[in-house]
Protein chains: 2
Amino acid sequence: MVATNFKHRGHDHPAPISSAVVDDIVAQLARQGYRDTEPRRLVISAVAAQGRPFTAEDLCAALPCVGRATVYRGLRLLVETDQVCRVLLEDRELRYQLSHQGHHHHMLCAICGASADLIDCDVEDILRAAADRSGFRMSGHWLEVYGRCGECAD
Amino acid sequence: MVATNFKHRGHDHPAPISSAVVDDIVAQLARQGYRDTEPRRLVISAVAAQGRPFTAEDLCAALPCVGRATVYRGLRLLVETDQVCRVLLEDRELRYQLSHQGHHHHMLCAICGASADLIDCDVEDILRAAADRSGFRMSGHWLEVYGRCGECAD
DNA sequence: ACGCATACCGATAGACAGTATCAATTAAGC
DNA sequence: GCTTAATTGATACTGTCTATCGGTATGCGT
Ligand SMILES: [Mn+2]
Ligand SMILES: [Mn+2]
Ligand SMILES: [Zn+2]
Ligand SMILES: [Zn+2]
C-alpha cells in the first residue's frame with residue numbers, strides 16, 4: 001500500500017532559491033528540457049555550498065525538507081549533464097563535487113578530504129597508447145589519486 | 001538469538017583440495033601464520049578456476065557449501081596478501097581476479113568482461129610528478145581502463 | 001489567465017552488497 | 001592426546017541506492 005500522507009507545496013510563495021551558480025546550472029538544464037523546480041534548486045544550491053567532496057547522504061542531511069529519492073535523482077541528473085562529477089574514495093565510498101569544466105581527475109587528501117584537480121597531466125594519451133599495444137580500444141577509464149595535500153603534509 | 005544448527009565437517013575424510021596454484025597460495029598464507037583449512041582451500045580453488053574477473057557473489061554461488069561470510073573473509077585475506085586483486089567496473093561493481101605479481105592495472109572489456117594487464121605503462125611516475133606540482137604527496141591511486149578487447153572489436 | 005499533458009516529487013518498501021555476532025568447530029603446536 | 005586460539009557459518013543487521021505510485025507543479029499552447 002502507498003502512503004497518501006502528502007505535503008502541500010508552494011502554498012506560501014517560498015523565497016526563490018537563486019544565485020549565480022544555481023541560476024547558471026538551472027539554465028543549462030532548461031536548455032535540455034528539464035524543468036525548473038524548487039526541490040531541484042535546493043539540491044543544486046546545497047551542492048554548490050559544499051566545500052569538498054560530499055556524499056549523497058550529506059546532501060540528504062543538509063536538505064531534510066527534500067525527499068531522499070529526489071536528492072538522489074537530482075544528483076544523478078547533475079552527473080549525467082556533467083555539472084557534477086563523481087569521485088571515489090579508497091574504500092570505494094562514492095562522493096560528488098561540482099565539476100569545473102571538462103574531463104579531468106582529482107587528487108584526494110586522505111586526511112582532510114580536500115580535492116584538487118590534476119592538471120598538466122595527460123594520462124589519457126598514455127593509457128590509450130598502452131591499451132593499443134595490447135589490442136584494446138580504450139573507451140573510458142576511472143582514475144583517482146590519493147595522498148596528502150600541502151596543508152596536511154607532516 | 002543465534003542458531004545452534006551447525007554443520008558437522010570432516011566426518012568423511014573429504015578429498016583434500018589440492019593443485020599447484022592452491023598449494024602455492026596456501027603455503028604463502030601459512031608463512032604468514034594463516035591456517036590451512038578446507039573452506040579456505042575451496043575458496044582459493046574456486047578463485048583459481050575463474051576465467052575472468054568475478055564478483056564475491058559469483059564465488060558464493062560456486063561454493064554453496066561454504067558460508068557467505070567465509071567467502072567474503074577469504075577474498076579479503078587474499079586481497080590483503082596480494083594474491084588477488086580487485087577491479088572496479090564502470091558501474092562501480094567490484095570484481096576480483098588472481099593477481100599476477102606486483103602492482104599493476106587492468107583493461108576491462110565492456111563486452112565480454114575479459115581483463116588484460118596494462119603493461120609498459122608507468123602512469124605512477126607521471127601521476128606522482130603531477131601531484132607534486134600541486135603540492136600533493138601521492139600515496140596511492142585507483143586506475144581502471146575500459147574498452148573493447150581485440151576479439152570484441154567491431 | 002486557464003487548462004492540459006506530463007515531468008516531477010516524496011513517503012515508503014524493497015533490493016543488494018557487505019559486515020557484525022557468537023556458539024560450535026578445528027587446525028596447529030606442545 | 002590436550003590446549004588454545006583461529007576459523008567457520010547461520011543469522012541478523014547496516015547502509016546505500018532503486019522501484020513504486022498517487023499526488024503535484026511546471027511549461028506551453030490557447
Ligand atoms: Mn572531475
Ligand atoms: Mn592486478
Ligand atoms: Zn588535506
Ligand atoms: Zn572482449
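Lettering follows sequence order; numbering is per chain, from 1. Heavy-atom basis, side chains included; hydrogens, waters and symmetry copies ignored. Just so you know, these numbers come straight off a predicted model, no measurement behind them.
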Point to revise | Value in whole Å for how far the C1' atom of C:dC9 lies from CG of A:L63 | key: 14 Å
Which pairs, protein N/O on one side and nucleotides 26-30 of chain D N/O on the other, fall under 3.5 Å?
residue: D:dT26; atom: O2; partner: A:R35; partner atom: NH1; Å: 3.0
residue: D:dT26; atom: O2; partner: A:R35; partner atom: NH2; Å: 3.1
residue: D:dG27; atom: OP1; partner: A:D36; partner atom: N; Å: 2.9

Practice item. List for me each residue that meets salt bridge (charged side-chain N to carboxylate O under 4.0 Å, His left out) alongside B:E57, sequence neighbours excluded, and say none if there are none. Key: B:R68
Review point. For the helix from C:dA1-D:dT30 to C:dC30-D:dG1, how many degrees between its two end axes (five pairs per end), to the nearest 10°?
Key: 40°
**Study point:** Evaluation steps, side chain to side chain contact (heavy atoms under 4.5 Å, CB included), between A:R73 and A:L77
**Key:** CA-CA 6 Å; A:R73 279 187 295 234; A:L77 177 62; over 6 Å; no
Check your understanding: By the rule that ILVMFWY residues connect when side-chain heavy atoms come within less than 4.5 angstrom, directly or transitively, which residues belong alongside B:Y72?
Key -> none
**Study point:** d(CZ, A:R95; C1', D:dC17) in whole Å
**Key:** 17 Å
**Study point:** Atom-pair distance (CZ on B:R40; C1' on C:dT26), nearest Å
**Key:** 12 Å
**Study point:** CA sep, side-chain torsions, deciding dist, call: A:R137, B:C149, side chain to side chain contact (heavy atoms under 4.5 Å, CB included)
**Key:** CA-CA 7 Å; A:R137 183 172 313 169; B:C149 72; over 6 Å; no
Review point. Got a sec, which residues hit side-chain contact (heavy atoms from CB on, under 4.5 Å) with B:D132, two or more places apart in sequence or on another chain?
Key: B:R128
Point to revise | With A:R148 via side-chain contact (heavy atoms from CB on, under 4.5 Å) - residues at least two apart | key: A:I111, A:D154
Practice item. Would you kindly give the CD-to-P distance between B:Q32 and C:dA28, to the nearest whole Å? Key: 15 Å
**Study point:** Close residues, residues 18-30 of chain B, relative to DNA chain D [heavy-atom separation under 4.0 Å]
**Key:** none
Check your understanding: What's the CZ-P distance between A:R73 and C:dA7, to the nearest Å?
Key -> 13 Å
Tabulate atom names and distances for all N/O pairs under 3.5 angstrom spanning the protein and nucleotides 16-18 of chain C.
residue: C:dG18; atom: OP1; partner: A:R92; partner atom: NH1; Å: 3.4
residue: C:dG18; atom: OP2; partner: B:Y72; partner atom: OH; Å: 3.2
residue: C:dG18; atom: N7; partner: B:R68; partner atom: NH2; Å: 3.1

Review point. If you look only at pairs with a residue in residues 126-154 of chain B, which of them pass as a ring-ring contact (aromatic ring centres under 6.0 Å, His included), with sequence neighbours excluded?
Key: B:H103-B:H141, B:H105-B:H141
Exercise for review: Start with the C-alpha distance between B:H104 and B:L118, add both sets of side-chain angles, then the distance that settles side chain to side chain contact (heavy atoms under 4.5 Å, CB included), and finish with yes or no.
Suggested key: CA-CA 7 Å; B:H104 61 279; B:L118 202 60; over 6 Å; no
Point to revise | Test side chain to side chain contact (heavy atoms under 4.5 Å, CB included) applied to B:Q83 and B:I25, B:V47, B:V21, the passing residue | key: B:I25
Point to revise | Atom-to-atom span, CG of A:L59 to P of D:dG15 - whole angstrom | key: 19 Å
Revision key, fill the gap. Applied to residues 19-34 of chain A, the side-chain hydrogen bond (donor to acceptor under 3.5 Å, both in side chains) test, sequence neighbours excluded, yields A:S18-A:D23, A:D23-A:R41
Practice item. Mind checking side-chain contact (heavy atoms from CB on, under 4.5 Å) for B:D125 and listing every partner two or more places apart, or none if nothing turns up? Key: B:D122
Practice item. Return the set of residues passing side-chain contact (heavy atoms from CB on, under 4.5 Å) with B:E93 (not counting sequence neighbours), or none when no residue passes. Key: B:T55, B:L89, B:D91, B:R95
Practice item. Rounded off to whole Å, could you give me the CG-to-C1' distance for the B:L77 and D:dA6 pair? Key: 12 Å
Point to revise | Worked check of side chain to side chain contact (heavy atoms under 4.5 Å, CB included) between B:L94 and B:R86 | key: CA-CA 7 Å; B:L94 183 59; B:R86 310 193 303 171; 3.8 Å; yes
